[in-house]
Amino acid sequence: MIRKILRYLLNFVLSVLILILIILNIFSITIFDREYIKQKLKSNDFYIRAYSDIIESFENYTMQSGLDLTILDGLVSETQVANDINVKIDSFYTKINGDIDTTSIRNELDSRINKALEENNRVPSDTEKEAINKYEDAIVQAYKDGIVYGTNLSVKVEYLNRLKAICIVSIIVVSIMIILIRRKILRCVACLGISFLFSGIFSVVLKFLLINKIGNILILDTKFSALLINVLTDILNKFFNVGLVIGIVGIIFILIGNIKVNKKA
């Protein structure tokens with residue numbers, strides 16, 4: 001009786017471990033892969049929309065300051081925004097410095113303002129100088145905030161790899177324990193098949209449980225929400241595809257184990 005309970009328990013643990021390994025592997029090729037994230041940013045027009053949001057912020061501050069909007073012409077480019085976003089993304093996954101250099105923006109803006117004042121034969125008062133400094137500070141901060149929302153994250157890819165290694169070792173250990181208890185390899189194949197089938201079914205069902213719920217996500221702003229929905233949808237599709245394969249393999253293992261066992265009987 002105890003032996004039977006132990007077998008069921010080990011089978012359940014093996015199923016959970018296989019499911020965790022599936023999750024870790026899918027995460028490793030999606031949200032823990034910076035090239036995947038960059039590809040998603042590009043396919044969802046995140047760079048272009050970030051540039052548009054930054055320019056809109058610039059225009060709002062400029063109108064409040066009373067300056068002409070032409071002062072912003074060519075101040076930053078889509079390429080510059082995209083490059084800085086990529087630098088920020090790289091810093092999330094590596095030890096690369098992710099600080100965005102806005103010195104050139106401030107210097108160029110300061111030069112344009114001074115030129116405009118000279119053309120109008122005006123010398124700014126101390127109050128005006130302070131207002132100009134505050135305006136430049138606001139523009140610089142708006143740019144920093146527009147580059148991945150000014151966040152500083154740290155994605156620990158090495159931790160994920162350690163978890164995967166621990167999970168694989170655990171699967172091997174549990175499998176050996178099942179073999180020692182069952183003492184028949186073919187019965188163990190059937191048990192492994194059951195674990196695969198359980199993990200596969202869960203992965204497939206996960207898509208149908210969540211796919212309709214993620215469509216209404218609204219976080220930070222529309223461009224980030226669209227990106228998040230697209231990434232989550234892709235992850236659920238990967239779960240579905242992997243689940244189908246794992247489930248089919250599980251069924252095959254179950255059939256092989258049972259056919260051989262019945263022949264011996």
If you compare all heavy atoms of [X] against all heavy atoms of [Y], which two are closest, and at what distance to 0.1 Å?
X	Y	result
A142	F58	CB-CE1, 4.0 Å
K88	T151	CE-O, 2.7 Å
I100	K144	O-CE, 4.1 Å
I214	I229	O-CG1, 3.2 Å

What pairs with [X] under salt bridge (charged side-chain N to carboxylate O under 4.0 Å, His left out), at least two apart in sequence or on another chain?
X	result
E78	none
D137	R106
E130	K134

Set of residues satisfying side-chain hydrogen bond (donor to acceptor under 3.5 Å, both in side chains) with respect to Y61, sequence neighbours excluded: none
The side-chain hydrogen bond (donor to acceptor under 3.5 Å, both in side chains) partners of K40 (sequence neighbours excluded) come to N230
Charged N to carboxylate O below 4.0 Å: is that the case for E35 and K38? yes
Looking at E108 and R112, does any basic side-chain N land under 4.0 Å from a carboxylate oxygen? yes
Does any N or O in the side chain of [X] come within less than 3.5 Å of the main-chain N or O of [Y], such that one atom is a donor and the other an acceptor?
X	Y	answer
S77	Q80	yes
T30	I26	yes
S225	T222	no
N44	F46	no
N60	E56	yes
S199	S15	yes

Could you tell me if the side chain of [Y] sits less than 4.5 Å from the side chain of [X], heavy atoms only?
X	Y	answer
I85	L41	yes
I37	F92	no
K238	I29	yes
D221	Y149	yes

If you group Ile, Leu, Val, Met, Phe, Trp and Tyr by side-chain heavy-atom gaps below 4.5 Å, do [X] and [Y] land in one group?
X	Y	result
V242	I201	yes
F202	V204	no
I178	L180	yes
I211	L228	yes
V87	V140	no

Exercise: do N114 and D110 side chains pair donor with acceptor under 3.5 Å: yes
Carefully, step by step, assess I254 and F196 under the rule side chain to side chain contact (heavy atoms under 4.5 Å, CB included). CA-CA 9 Å; I254 292 171; F196 274 20; over 6 Å; no
The test is side chain to side chain contact (heavy atoms under 4.5 Å, CB included); show your working for N11 and I194 and say whether it passes. CA-CA 8 Å; N11 286 341; I194 293 172; 5.6 Å; no
Just checking F32 against Y93, ring centres under 6.0 Å apart? no
Given Y36 and V231, is the side chain to side chain contact (heavy atoms under 4.5 Å, CB included) satisfied, shown in steps? CA-CA 10 Å; Y36 170 87; V231 169; 4.1 Å; yes
What distance do [X] atom [atom1] and [Y] atom [atom2] have between them, rounded to the nearest 0.5 Å?
X	Y	atom1	atom2	result
F240	T233	CZ	OG1	14.0 Å
F224	I217	CZ	CD1	9.5 Å
I23	L160	CD1	CG	11.5 Å
I31	I235	CD1	CD1	5.0 Å
I246	L197	CD1	CG	11.0 Å
S65	I71	OG	CD1	7.5 Å

Step by step, would you call V157 with R34 a side chain to side chain contact (heavy atoms under 4.5 Å, CB included)? CA-CA 10 Å; V157 179; R34 58 175 164 163; over 6 Å; no
Mind checking side chain to side chain contact (heavy atoms under 4.5 Å, CB included) for I168 and listing every partner two or more places apart, or none if nothing turns up? L21, I172
Take atom CZ of F12 as the centre, draw a 6.0 Å sphere, and report whether it contains more than 12 heavy atoms from other residues, nucleotides or ligands. no
Is the NZ or CZ atom of K207 both under 6.0 Å from the centre of the six-membered ring of F239 and within 45° of that ring's axis? no
